[in-house]
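Throughout, protein chains are lettered first and strands after them, A, B, ... in sequence-line order, and every chain is numbered starting at 1.
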Protein chains: 2
Amino acid sequence: MQSAQDYCKEHKLQLTPARRKVLELLLQEHRALGAYTILDLLREAGFKSQPPIAYRALDFLVENGFAHKIERLNAFVACSLPGTKHSPAFMICRQCEIVAETQSPMSNLNLSATADVSAFRIEQTIIEAKGVCNSCAEIEQL
Amino acid sequence: MQSAQDYCKEHKLQLTPARRKVLELLLQEHRALGAYTILDLLREAGFKSQPPIAYRALDFLVENGFAHKIERLNAFVACSLPGTKHSPAFMICRQCEIVAETQSPMSNLNLSATADVSAFRIEQTIIEAKGVCNSCAEIEQL
DNA sequence: AACGTTATGTAATATTATATCATGGAGAAG
DNA sequence: CTTCTCCATGATATAATATTACATAACGTT
Ligand SMILES: [Zn+2]
Ligand SMILES: [Zn+2]
Ligand SMILES: [Zn+2]
Ligand SMILES: [Zn+2]
């Protein structure tokens, strides 16, 4: 959070109250939060509650690398490596819904090396894995 | 299409008119079609037009490996390797929206080998790359 | 002070997806 | 042939996600 603030100062980005609050909310969770869940939490915190409030803050956070969108959940998580250029991959536990960010072991070059894809210039790759986390797996085995 | 029919007979799956039509529609396109686009096309073809018609057919096709959902587009494409177990990866052209399916060069084991992820048992991974296809790239360079 | 830029307020609406309950049709069991 | 069961479809409503559009405010620059 502190580092986010520093990063914004350095890059002349405005970490306004709403944006800041949304980032705090995301950082508190290890799950992905939907835009409307965030909207509810914002309202509870005294912010206005129309959808654009949440979506604008989320757009800002995603564009500036503070958060990621998890496409298969239509939800958002705080980035675990903000301020660095990285290609994230996500692990989503289908049981407890925890989301872990890791770094993609696969470079874009790697993927574009496969046959019928050489014709593509890849700009961004999303990788989202679904499974069970360790603690949920243990519970399942009982 | 013929092979889809054979596959269904063999596996005792019902390739009903609506399901068949949706598969035909997907096969005709190299782009991903949204559920409501499909719904419109179904209506044009004389089918009923409530959302569940399209979603049920799409669910059937996805579950049985005839189609895939592209999460970042909320849209669907025909599978290029139906009837085989595979982990697809998709290349989406941001210009012409063509979607190409390729096979993931990365096994699940591969991804789960990365450090903080060893705690996950991965069941399914989606990979979706955005970029520009060859022909659109050429046009851009003019 | 006037201006341009960026962010917020507000209302309306668009898009995507699901829940629910009723109806129909084909094959198996009797 | 009939009844039962299973699966698929019909139909209505509603939920969940996301964007458009236009007005207002805040802030730094000139
Ligand atoms: Zn990240
Ligand atoms: Zn879990
Ligand atoms: Zn496929
Ligand atoms: Zn293209």
Side-chain angles (χ1 to χ4, degrees), chain A residues 4-5 8-23 25-26 31-43 45-64 66-77 92 97 99 126 128, chain B residues 4-5 8-23 25-26 31-43 45-64 66-77 92 97 99 126 128:
Chain A
Q5 221 160 330
C8 283
K9 196 160 275 175
E10 193 179 337
H11 291 73
K12 306 203 173 169
L13 300 170
Q14 302 183 47
L15 191 59
T16 58
R19 292 169 176 177
R20 185 192 172 104
K21 184 66 186 174
V22 172
L23 181 52
L25 291 169
L26 292 178
R31 297 176 307 120
L33 297 177
Y36 281 75
T37 304
I38 288 168
L39 198 52
D40 288 343
L41 296 169
L42 281 176
R43 180 167 33 222
F47 289 84
K48 296 299 166 65
S49 58
Q50 297 85 347
I53 300 293
Y55 281 104
R56 285 165 179 164
L58 288 166
D59 283 350
F60 170 86
L61 295 174
V62 169
E63 279 182 5
N64 295 110
F66 296 114
H68 299 289
K69 180 171 187 184
I70 307 297
E71 296 287 349
R72 49 190 306 160
L73 301 178
N74 294 318
F76 301 82
V77 284
I92 304 155
E97 296 197 291
V99 174
I126 70 174
E128 296 174 4
Chain B
Q5 222 159 328
C8 284
K9 196 159 278 175
E10 193 179 337
H11 291 76
K12 306 202 174 168
L13 300 171
Q14 301 183 48
L15 191 59
T16 59
R19 292 167 175 179
R20 185 192 171 104
K21 184 66 187 176
V22 173
L23 181 52
L25 292 168
L26 291 178
R31 297 176 305 121
L33 297 177
Y36 281 76
T37 303
I38 288 167
L39 197 52
D40 288 343
L41 295 168
L42 282 176
R43 180 166 34 223
F47 290 83
K48 296 300 167 63
S49 58
Q50 299 84 349
I53 300 295
Y55 282 103
R56 285 167 180 165
L58 287 166
D59 284 350
F60 170 85
L61 295 174
V62 169
E63 278 182 6
N64 295 108
F66 296 115
H68 299 289
K69 179 171 187 184
I70 308 297
E71 296 288 349
R72 54 189 302 162
L73 301 178
N74 294 317
F76 301 82
V77 284
I92 305 155
E97 296 198 289
V99 175
I126 70 174
E128 297 173 4

Please list, one pair per line, the donor and acceptor atoms closer than 3.5 Å that link side chains of residues 31-43 of chain A to other protein atoms, with sequence neighbours excluded.
{"residue": "A:R31", "atom": "NE", "partner": "A:E29", "partner atom": "OE1", "Å": "3.2"}
{"residue": "A:R31", "atom": "NH2", "partner": "A:E29", "partner atom": "OE1", "Å": "3.3"}
{"residue": "A:D40", "atom": "OD1", "partner": "A:R43", "partner atom": "NH2", "Å": "2.7"}
{"residue": "A:R43", "atom": "NH1", "partner": "A:S49", "partner atom": "OG", "Å": "3.1"}

* d(CD1, A:I53; C1', C:dA11) in whole Å -> 13 Å
* **Smallest separation among heavy atoms of B:K21 and B:F47, with atom names** => CG-CE1, 3.7 Å
* Asked: Going 5' to 3' along nucleotides 12-30 of chain D, which nucleotides have protein heavy atoms under 4.0 Å from the base (write B), which only from the sugar-phosphate (write S), and which from neither (write -)?
  -> B----BBBBB---------
* Please report, rounded to the nearest Å, how far the P atom of D:dT9 is from the NZ atom of B:K21. => 16 Å
* Considering all heavy atoms of both residues, which atom of B:I92 and which atom of B:E128 are nearest to each other, and what is their separation? -> CD1-CB, 4.3 Å
* Asked: Between atom CZ in B:R72 and atom C1' in C:dT16, what is the gap in whole Å?
  -> 18 Å
* Asked: Looking only at side-chain N and O atoms, does A:K48 come under 4.0 Å of OP1 or OP2 in C:dT10?
  -> yes
* Structure fact -> Heavy-atom closest pair (B:R72 atom, A:I126 atom, distance to 0.1 Å) is NH1-CG2, 3.2 Å
* **Separation of D:dC7 C1' from B:L15 CG (nearest whole Å)** => 15 Å
* **Spacing between B:F47 atom CZ and D:dA11 atom P, to the nearest angstrom** => 14 Å
* Asked: Tell me: CG of B:N64 to C1' of D:dA8, nearest whole Å?
  -> 14 Å
* Structure fact -> Between CG of B:L13 and P of C:dA26 the distance, given in whole Å, is 18 Å
* **Contact summary for B:C8 and B:L15, nearest pair of heavy atoms** => SG-CB, 3.9 Å
* For A:F60 and C:dA7, give me the distance from atom CZ to atom C1', rounded to whole Å. => 11 Å
* **Over all atoms of both residues, closest heavy-atom pair of A:F76 and A:L26** => O-CD2, 3.4 Å
